[in-house]
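A quick write-up on the structure given underneath.
Numbering of residues begins at 1 and proceeds along the displayed sequence.
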Amino acid sequence: MRLLPWTTTDDRPCLLITDGEGGPVSDLADGIEEMQLDIGEELLRHARAMHADPKVPDREFRFLSRRLAEALSDALRVARN
């Protein structure tokens with residue numbers, strides 16, 4: 001079974017029973033996971049640039065912190081899959 005990178009409408013995990021050969025749902029999940037990891041990398045680059053600028057307002061750091069937490073959650077889900 002494969003944990004998919006999305007949940008049901010009532011926030012339960014979605015699982016795919018697969019033989020390991022791929023298929024359209026598996027390919028879609030691969031694409032979404034890749035996109036999630038790309039977003040995480042982009043956020044990390046942005047965070048490093050913000051840390052280098054002492055004039056960045058606290059509210060921007062809080063916003064970035066929330067986005068980084070979401071990206072980390074996505075990355076951990078991919079890693080555990």
Side-chain angles (χ1 to χ4, degrees):
M1 266 199 272
R2 175 181 180 171
L3 178 65
L4 296 172
W6 55 81
T7 59
T8 65
T9 55
D10 56 346
D11 207 33
R12 292 186 303 158
C14 285
L15 300 170
L16 175 66
I17 297 173
T18 179
D19 59 5
E21 293 295 318
V25 176
S26 186
D27 292 344
L28 177 63
D30 288 343
I32 290 172
E33 289 171 349
E34 185 65 33
M35 181 181 59
Q36 289 171 328
L37 293 174
D38 289 345
I39 289 169
E41 288 175 346
E42 183 178 332
L43 284 168
L44 186 55
R45 281 191 301 275
H46 189 62
R48 288 181 173 141
M50 285 178 71
H51 282 124
D53 182 356
K55 296 179 184 176
V56 175
D58 287 345
R59 69 181 182 281
E60 289 187 33
F61 274 117
R62 284 192 300 276
F63 179 80
L64 178 64
S65 175
R66 286 191 299 273
R67 299 297 77 82
L68 284 168
E70 291 168 0
L72 178 57
S73 178
D74 291 341
L76 290 172
R77 185 179 180 98
V78 169
R80 289 186 177 129
N81 189 8

**Prompt:** Quick one: do L28 and L4 end up in the same hydrophobic cluster if we chain Ile, Leu, Val, Met, Phe, Trp and Tyr together by side-chain heavy atoms under 4.5 Å apart?
**Reply:** yes
**Asked** CZ/R48 to NE2/H51 distance, rounded to the nearest 0.5 angstrom?
**Response** 10.0 Å
**Prompt:** Rounded to the nearest 0.5 Å, what separation is found between the CE atom of M1 and the CG atom of L16?
**Reply:** 10.0 Å
**Complete:** Value for CD (E60) from CG (D53), rounded to nearest 0.5 Å, stands at 9.0 Å
**Heavy-atom closest contact (A29 atom, R2 atom, distance)** = CB-NH2, 3.5 Å
**Prompt:** Closest heavy-atom contact between A71 and L43?
**Reply:** CB-CD1, 3.8 Å
**Asked** Charged N to carboxylate O under 4.0 angstrom, R67 versus E70?
**Response** yes
**Fill in**
Taken to the nearest 0.5 Å, the spacing of I39 CD1 from E34 CD works out to 11.0 Å
**Request:** Kindly give the heavy-atom pair with the smallest separation between L3 and E33, and that separation in Å.
**Result:** O-OE2, 4.1 Å
**Asked** Can V56 be reached from L68 by stepping across I, L, V, M, F, W or Y side chains whose heavy atoms are under 4.5 Å apart?
**Response** yes
**Request:** Take R62 and R66 through the side chain to side chain contact (heavy atoms under 4.5 Å, CB included) test and state the conclusion after the steps.
**Result:** CA-CA 6 Å; R62 284 192 300 276; R66 286 191 299 273; 4.1 Å; yes
**Complete:** Between P5 and I32 the two heavy atoms that sit nearest each other are CG-CG2, 3.8 Å
